[in-house]
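Structure record follows, encoded as structure tokens.
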Amino acid sequence: MNNPDRIIRLKTVLARTGLSRTTLYRKMGEGTFPRQVKISVHGAGWHESAVNRWVADPVGYRDDQAGRQMQ
């Protein structure tokens with residue numbers, strides 16, 4: 001079963017996007033990359049569907065939640 005809303009971790013996100021860790025976090029701060037979602041006390045990940053939207057259109061992507069804290 002293909003679930004586009006599964007949570008993927010940093011290593012997977014970096015591999016899929018080709019971004020460095022520093023660039024990824026900078027883009028998150030600018031609102032040009034999806035925000036993380038908290039999955040445990042010390043863990044976070046990204047919605048796979050949001051990362052897929054960014055991969056499909058990295059220049060046009062805007063995070064609707066930019067400026068909000070991690071949920």
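Nothing fancy with the numbering, it's 1 onward along the sequence. The figures that follow rest on heavy atoms only: side chains count, while hydrogens, waters and symmetry mates do not. Treat the numbers as computed from the prediction; the structure is a model and nothing was measured.
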Legend entry - Flag side-chain contact, heavy atom, 4.5 Å: Thr23 against Thr17: no

Legend entry - Nearest heavy atoms of Ser49 and Asp5, plus distance in Å: OG-OD1, 2.6 Å

Legend entry - Distance (rounded to the nearest 0.5 Å) between Gln36 CD and Arg9 CZ: 9.0 Å

Inset, instruction - Give a yes or no on this: more than 12 heavy atoms of other residues, nucleotides or ligands lie within 6.0 Å of atom CZ of Arg26. - result: yes

Inset, instruction - Evaluate the side-chain contact (heavy atoms from CB on, under 4.5 Å) criterion for residues Arg62 and Thr32: first the C-alpha distance (whole Å), next the side-chain angles of each, then the deciding distance (0.1 Å), finally the verdict. - result: CA-CA 5 Å; Arg62 286 284 174 231; Thr32 58; 2.4 Å; yes

Legend entry - Sidechain-backbone polar pair: Arg6 side chain, His47 backbone, donor-acceptor under 3.5 Å: no

Inset, instruction - Grab the two heavy atoms, one from Ala50 and one from Pro34, that are nearest each other, plus how far apart they are. - result: O-CG, 3.5 Å

Legend entry - Leu14 to Leu19 - nearest heavy-atom pair and separation: CD2-O, 3.4 Å

Legend entry - Whether Trp46 and Phe33 hold their rings parallel, tilted or perpendicular, with breakpoints at 30° and 60°: perpendicular

Legend entry - Rounded distance (nearest 0.5 Å) linking atom CH2 of Trp54 with atom NZ of Lys27: 6.0 Å

